[in-house]
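Report on the following structure.
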Protein chains: 2
Amino acid sequence: MTYQCDEKKAGDVEFRCYFQLAIMVIGGKWKPKVLFHLGQNGAVRFGALRRAVFGISEKMLIQSLKELEKDGLVHRKVYRQVPPKVEYSLTDVGESFVPVLNAMYDWGRSYASYLIASQQSGCGFEAGKALQNLDELVKVAENSVA
Amino acid sequence: MTYQCDEKKAGDVEFRCYFQLAIMVIGGKWKPKVLFHLGQNGAVRFGALRRAVFGISEKMLIQSLKELEKDGLVHRKVYRQVPPKVEYSLTDVGESFVPVLNAMYDWGRSYASYLIASQQSGCGFEAGKALQNLDELVKVAENSVA
DNA sequence: TATGGTACTTACTAAAAGGTATGTATTGCG
DNA sequence: CGCAATACATACCTTTTAGTAAGTACCATA
């Protein structure tokens, strides 16, 4: 694998490296989070997804879903009813990315362990591994929430 | 796993979900690419890294490396010589992210296969798998490079 | 002392991404 | 027909990120 990869093309998409192609499709501030939530739950309504992805605006959710649908990772199903209902779900291509998302989640746990271990010397820690009582260690006391 | 995760804290870092923590540390336009290149090659000089990460400016490379060093994923070694030489390499924590980067690279290959298969019906394709002659199919003819 | 190469720092500008507010379309109920 | 709820579209503004250019520090050599 060379550094400055040659220009490549698949479909209408031009890229230099398969890694860059992946980043182009699922990178950015919101798309990874949207995909992650869709990966955790089957079909989800727009409103439920809006509430699930912490901090996202309507406009960015819509934009992210449009791009993911266009790129073939997300399926949009309209129910012609009252009130209006639209469900989003992952396609096979989208599902194939879920292991990567889960790997990132697992790495996040191991990184949280690393942060805690760095704060307390003598705390048994191995890179890539999560502490056993991690969920307890990261808990924030109720009254200290900003 | 709930949608709107409770606030968590590890070290000085506050987050709601381990996935979000991962995104905070290795997300953004350049850090994934910098990490990916460091993962492919051992210790790399600043200048070599600059040339390897296609399109990055000096300022953004420096900023990305500073953040990655601060977060414990990258190690910086200064050689006091002429001309000046600094080498960057992954720490154990950084190395632990390499499997995720490689998974993204592999997914990129399968996505490129999907794009090609979508363009040509009847082309055998399975989500998550790369076509066997992918590298040939994505090649761009010399004279068609923009 | 001047020099050159590398790896930065800093200030300012430009571009990209994201957010807010207002408005629209749709369906079926009362 | 009017209404309500949901899921958007659109325009404009704000924030964030990134890029460019000029400058600096360091070391050892000539």
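When rounded to the nearest whole Å, the span between NZ of A:Lys33 and C1' of C:dA17 equals 14 Å. C:dA16 atom P lies 14 Å from atom CD of A:Glu67, rounded to whole Å. When rounded to the nearest whole Å, the span between CG of A:Leu61 and P of C:dG18 equals 13 Å. The NZ atom of A:Lys77 sits 18 Å away from the C1' atom of C:dT26 (whole-angstrom rounding). A straight line from NZ of B:Lys29 to P of C:dA15 spans 13 Å, rounded to a whole angstrom. Between the P atom of C:dA16 and the CH2 atom of B:Trp30 lies a distance of 12 Å, rounded to the nearest Å. Here C:dG5 presents its P atom at 14 Å from CZ of B:Arg51, a figure rounded to the nearest Å. Between the CD atom of B:Glu58 and the P atom of D:dT17 there is a distance of 21 Å, rounded to whole Å.
Checking A:Pro83 against A:Met60, the closest nucleotide of DNA chain C that is more toward the 5' end is the one next to A:Met60. Each of A:Gly47 and B:Ser57 lies near DNA chain D, and the nucleotide nearest A:Gly47 is the one positioned closer to the 5' end. Both A:Lys59 and A:Pro84 lie near DNA chain D, and the one whose nearest nucleotide falls closer to the 5' end is A:Pro84.
Ring geometry, A:Phe36 versus B:Phe19: the interplanar angle falls under 30°, so the pair is classed parallel (tilted spans 30 to 60°). Using cut-offs of 30° and 60° for the angle between ring planes, the A:Trp107 and A:Tyr111 rings count as parallel. In this pair, B:Tyr88 and B:Phe46 present their aromatic rings tilted. The plane angle is within the 30 to 60° band.
Put simply, B:Arg76 has a side-chain N or O that comes within less than 4.0 Å of OP1 or OP2 on C:dC8. A:Tyr88 has a side-chain polar atom (N or O) that falls below the 4.0 Å cut-off from OP1 or OP2 of D:dC8. A close approach under 4.0 Å does occur between a side-chain nitrogen or oxygen of B:Lys66 and OP1 or OP2 of C:dT9. Close to C:dA7, at under 4.0 Å from its OP1 or OP2, lies no side-chain N or O of B:Arg50. Phosphate proximity of C:dT6 to B:Arg45: absent, as no side-chain N or O sits under 4.0 Å from OP1 or OP2.
Residue B:Phe46 places its side chain closer to C:dC8 than to any other of D:dG19, C:dG18, C:dC8. Nearest nucleotide to the B:Gln63 side chain, out of D:dA18, D:dC8, C:dC8: D:dA18.
Annotation: the span from A:Arg76 atom CZ to A:Lys70 atom NZ amounts to 16.0 Å, rounded to 0.5 Å.
The base of D:dC26 does not come close enough to the side chain of B:Gln81 for any donor and acceptor atom to sit less than 3.5 Å apart.
A side-chain donor-acceptor contact under 3.5 Å links A:Ser113 to the backbone of A:Leu131.
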